[in-house]
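Since we're looking at a predicted model, the values are computed, not measured. Numbered from 1 within each chain, the chains take letters A, B, ... in sequence-line order.
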2 protein chains.
Amino acid sequence: MTSGKPTLRDVANQAGVSPMTASNALHGKAGVKESTRAKVLAAAKKLDYRINLTASMLKSGRSNIIHIIVNEFDSPFYSKLTQALSHEITSRGLTPFIEQTQYSPDAAEHALTSNPFSGQLFDGEILHATGLGTNLPLAKLNGGRPLVLLDACEETPTVDAVNFPNEEGERAAMQYLIAQGCRNIAIVGHTFVPRAELAHAQNAFALRLRGACAALLDAGLPYDETMVFEGGCSDDGITAGHAIAERIMAARRADCGAGAGAGDRETGTAGTADFNNVSGEITGKSIETTDKIPAIAFDGVCCANDFAAFGVIRGLADYGIHVPQDVKVIGFDGVTSGTYTTPSLSTIQVDLDQLAKFAVDMIVERIERGEVNGNSSNAGNSNDAGTVLPPSRATIGYQLVERESTTAII
Amino acid sequence: MTSGKPTLRDVANQAGVSPMTASNALHGKAGVKESTRAKVLAAAKKLDYRINLTASMLKSGRSNIIHIIVNEFDSPFYSKLTQALSHEITSRGLTPFIEQTQYSPDAAEHALTSNPFSGQLFDGEILHATGLGTNLPLAKLNGGRPLVLLDACEETPTVDAVNFPNEEGERAAMQYLIAQGCRNIAIVGHTFVPRAELAHAQNAFALRLRGACAALLDAGLPYDETMVFEGGCSDDGITAGHAIAERIMAARRADCGAGAGAGDRETGTAGTADFNNVSGEITGKSIETTDKIPAIAFDGVCCANDFAAFGVIRGLADYGIHVPQDVKVIGFDGVTSGTYTTPSLSTIQVDLDQLAKFAVDMIVERIERGEVNGNSSNAGNSNDAGTVLPPSRATIGYQLVERESTTAII
DNA sequence: CTGAAAGCGCTAACAG
DNA sequence: CTGTTAGCGCTTTCAG
């Protein structure tokens, strides 16, 4: 046709072949004579032909689109995760489709089920599961399409999963803080869980808490509820930072009688109040002061993620407490901004590129076995036909990165 | 059919109506008897029917998907922009599809042209144009689908555009710094452009430079190449910060003969070196020192964006220069992390929610007029048929936000 | 208010 | 190696 976008038929006519041959030629399928292929490609180029993926998808049932579901875009962790996944998917000739749930489990469930795109458009899905209810019947939810869970921490995953080195990583972080001389270390990331119950930890932050606890006990240091604060994002971190600062202030008051008020956040004078450096061997804990704030001379904070760590540093600064001079802080994740904040942030850097590779490998394997859109109709290109691959599982690596926030003051 | 996913026909059969009636009922079209609609909805629910968007798109030529193209995900600005656009699009019942170009103009052009999804799948596109070559034949590039350019700053846009308050905003930032008592203010964001040539500024950063320059001249302060540094991201910002710090150090040496070396970044002792506060009326500039570094006692830095501002603060800290004690720093954009960094960042906060509203309004208007997929075949639901809407244009608002990085030290 | 017919553009399956 | 046939699931069009 002369008007509108050129179709495959137009290309075929132009090249003097059938639509089918044109299709095969364009897709680089074997079994097309070179001269024929050349004719077709020339025709396509001349007409500026662009395949109609909509039609292609309808017929073939494949879209080559991988659905990525994360909590939000505007967070240092998720923006990095998204970028890593996106890059890996693109580099394999697939297309990423990214959706955010704004931390709503309902939205996540919707994204996997009711959303019509999910229902029939995507070849596979990658879900960062934190915050999703435990043990949802996930394999059912998404209609049997390939699904990879990130950091879901289920004991017996029913679907493919890539996990973070939660326990080992946080243990390493805490050990490092102890090696740096810290003795009163706050933990930020999860509400307090008694040591005994830590065995049942089923989510990322609880596992990190378990790792931190283990390192404390190994070192003969106490683990109790006065040192544990909730905190998964910067706001929580600020709140935790304030609470930690108040305990430090209480300890200072108890110690030497010198008092000082908190600075004001937006117009404050952070940086002018000068306290004595209290790091080192002071271990005076839990001295109840008159205003009920436990007096603890914290000298370190072990955070469950970098996002919260930034908040902790901010919250401490609101009280004129400096990192690393007064308190050392370590995060977890290794987000990009940790390299250029002031102080730069020591962290457990996880390998998100590796995570992306694992996750996409898992999906691609299932796609190639034909486990797309519910039917495991093996297209005959695989060895053991009909059987569905059992869920696989991987854990990514980590690296302790030392930056200013835990630097020894010389 | 009993096996496979239920189709519209299955629903129609179950409800005892024709597929067409089922379709109309499900889409909430007027002219379906309530009892009939109820029957259809019940049938759909019973069968767990999910529309096949692929088929729907093929037939109707509409996808309700809006394509968003940005430079990258893992940057404080783009992650916030993406989130704002995504939210606005979702709230209107449309679906965002986000793509990153990694700052490659080729990738951006590809996203708009060769990419088969762009060709036929998307109903409209939103492109953050910074870095794209000037005056590309954009309207042609995307085949006539609705396209909105963000911050493209073309004098005569050929397509819809939403711009940032670049010149006014940066002018306000600089005026504020001057009002705070700064007299030697560095500008970070764009290579130096002589005052006369600033009239031709055609991109966001050049316009911001123009605004900063105007404020300087208004205040009777000089504007020359010793005070202007390139910098659009944190790395550039760090480099600029180092250069600025070196000039400050040179000035200090020239002033009082006291020297100090730079701290080391990863293991350094930032925060221990204590210099005199040099803010205030010192205006000794351009004193050439022996090692060729101009001696300038900078007391303020006006940055073209927050991302670079973080880098500047970091770069200054590498030399033991503190913000805001020694130098005040202001950014531009109002990224989320500026609220929780230490120091928190003063900035020109732009209204990205407003931007998202404007952009989506423009797209939706064109979609509803039928300007989708090249054909402006007016579906009769609009007033003036056939005519194509002329390009529209909007500029978003801003707000000066004072935080710690420009706080007066009392 | 409801239904029948036709076909969007492509590709799986098979036939030559 | 190439072509023919049929139809994916929906919606536009037009007739009841």
- request: Return the minimal non-hydrogen interatomic distance between B:P19 and B:R9, and the atom names on each side.
  value: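 For B:P19 versus B:R9, the nearest heavy atoms are CG-CG, 4.0 Å.
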task: Assess whether side chain to side chain contact (heavy atoms under 4.5 Å, CB included) is satisfied between A:T21 and A:T36, documenting all intermediate values.
output: CA-CA 8 Å; A:T21 301; A:T36 311; 3.8 Å; yes
task: Rounding to 10 degrees, work out the angle separating the end axes of the helix from C:dC1-D:dG16 to C:dG16-D:dC1 (five pairs an end).
output: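 Result, rounded to 10 degrees: 30°.
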message: Donor-acceptor check, side chain of A:T101 to backbone of A:A107, threshold 3.5 angstrom: yes or no?
response: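 Checked: no pair found.
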- prompt: So, B:N71 side chain and B:Q102 main chain: donor-acceptor pair closer than 3.5 Å or not?
  reply: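 No, because the side chain of B:N71 does not come within donor-acceptor range (under 3.5 Å) of the backbone of B:Q102.
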What side-chain donor-acceptor pairs closer than 3.5 Å can you find for residues 90-98 of chain B, not counting sequence neighbours?
{"from": "B:T90", "atom 1": "OG1", "to": "B:S86", "atom 2": "O", "distance (Å)": "2.8"}
{"from": "B:S91", "atom 1": "OG", "to": "B:E88", "atom 2": "O", "distance (Å)": "2.8"}
{"from": "B:R92", "atom 1": "NE", "to": "B:E88", "atom 2": "OE2", "distance (Å)": "2.8"}
{"from": "B:R92", "atom 1": "NH1", "to": "B:D361", "atom 2": "OD1", "distance (Å)": "2.7"}
{"from": "B:R92", "atom 1": "NH2", "to": "B:E88", "atom 2": "OE2", "distance (Å)": "2.8"}
{"from": "B:R92", "atom 1": "NH2", "to": "B:K357", "atom 2": "O", "distance (Å)": "3.4"}
{"from": "B:R92", "atom 1": "NH2", "to": "B:D361", "atom 2": "OD1", "distance (Å)": "3.0"}

message: Under 4.0 Å, heavy atoms only, any strand: does B:T54 hit a base, just the sugar-phosphate, or nothing?
response: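 Nothing, no nucleic acid heavy atom in range.
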query: Going 5' to 3' along DNA chain C, which nucleotides are the first and last within contact of chain A (any atom under 4.0 Å from a heavy atom)?
result: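 The contact span of chain A on DNA chain C goes from C:dG9 to C:dA13.
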- prompt: Does the pair A:N64 and A:R62 meet the rule for a side chain to side chain donor-acceptor pair (under 3.5 Å), with working shown?
  reply: CA-CA 6 Å; A:N64 289 326; A:R62 290 257 329 244; 2.5 Å; yes
- request: Write down the distance between CG (B:D10) and C1' (D:dG9), rounded to a whole number of angstrom.
  value: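 Value for this atom pair: 10 Å.
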Pick out the pairs of N or O atoms, protein on one side and nucleotides 10-14 of chain D on the other, that lie under 3.5 Å.
{"from": "D:dC10", "atom 1": "OP1", "to": "B:Y49", "atom 2": "OH", "distance (Å)": "2.3"}
{"from": "D:dC10", "atom 1": "OP1", "to": "B:N52", "atom 2": "N", "distance (Å)": "3.4"}
{"from": "D:dC10", "atom 1": "OP2", "to": "B:L8", "atom 2": "N", "distance (Å)": "2.4"}
{"from": "D:dT11", "atom 1": "OP1", "to": "B:H27", "atom 2": "NE2", "distance (Å)": "3.0"}
{"from": "D:dT11", "atom 1": "OP1", "to": "B:S56", "atom 2": "OG", "distance (Å)": "3.4"}
{"from": "D:dT11", "atom 1": "OP2", "to": "B:S23", "atom 2": "OG", "distance (Å)": "2.8"}

query: Can you name the residues that form a side-chain hydrogen bond (donor to acceptor under 3.5 Å, both in side chains) with B:Q100, not counting sequence neighbours?
result: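 If we apply the side-chain hydrogen bond (donor to acceptor under 3.5 Å, both in side chains) test to B:Q100, skipping adjacent residues, there are no hits.
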field: Among B:V364, B:I66, B:I363, side-chain contact (heavy atoms from CB on, under 4.5 Å) partner for B:I89
entry: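 Of the listed options, the one satisfying the test is B:I66.
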- request: May I ask you to say whether A:D160 pairs ionically with A:R366, meaning some side-chain N is under 4.0 Å from a carboxylate O?
  value: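 Yes, this pair counts.
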query: Which residues pass the ring-ring contact (aromatic ring centres under 6.0 Å, His included) test with B:Y78, sequence neighbours left out?
result: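 Testing B:Y78 for ring-ring contact (aromatic ring centres under 6.0 Å, His included), a comparison that skips the adjacent residues, returns B:H128.
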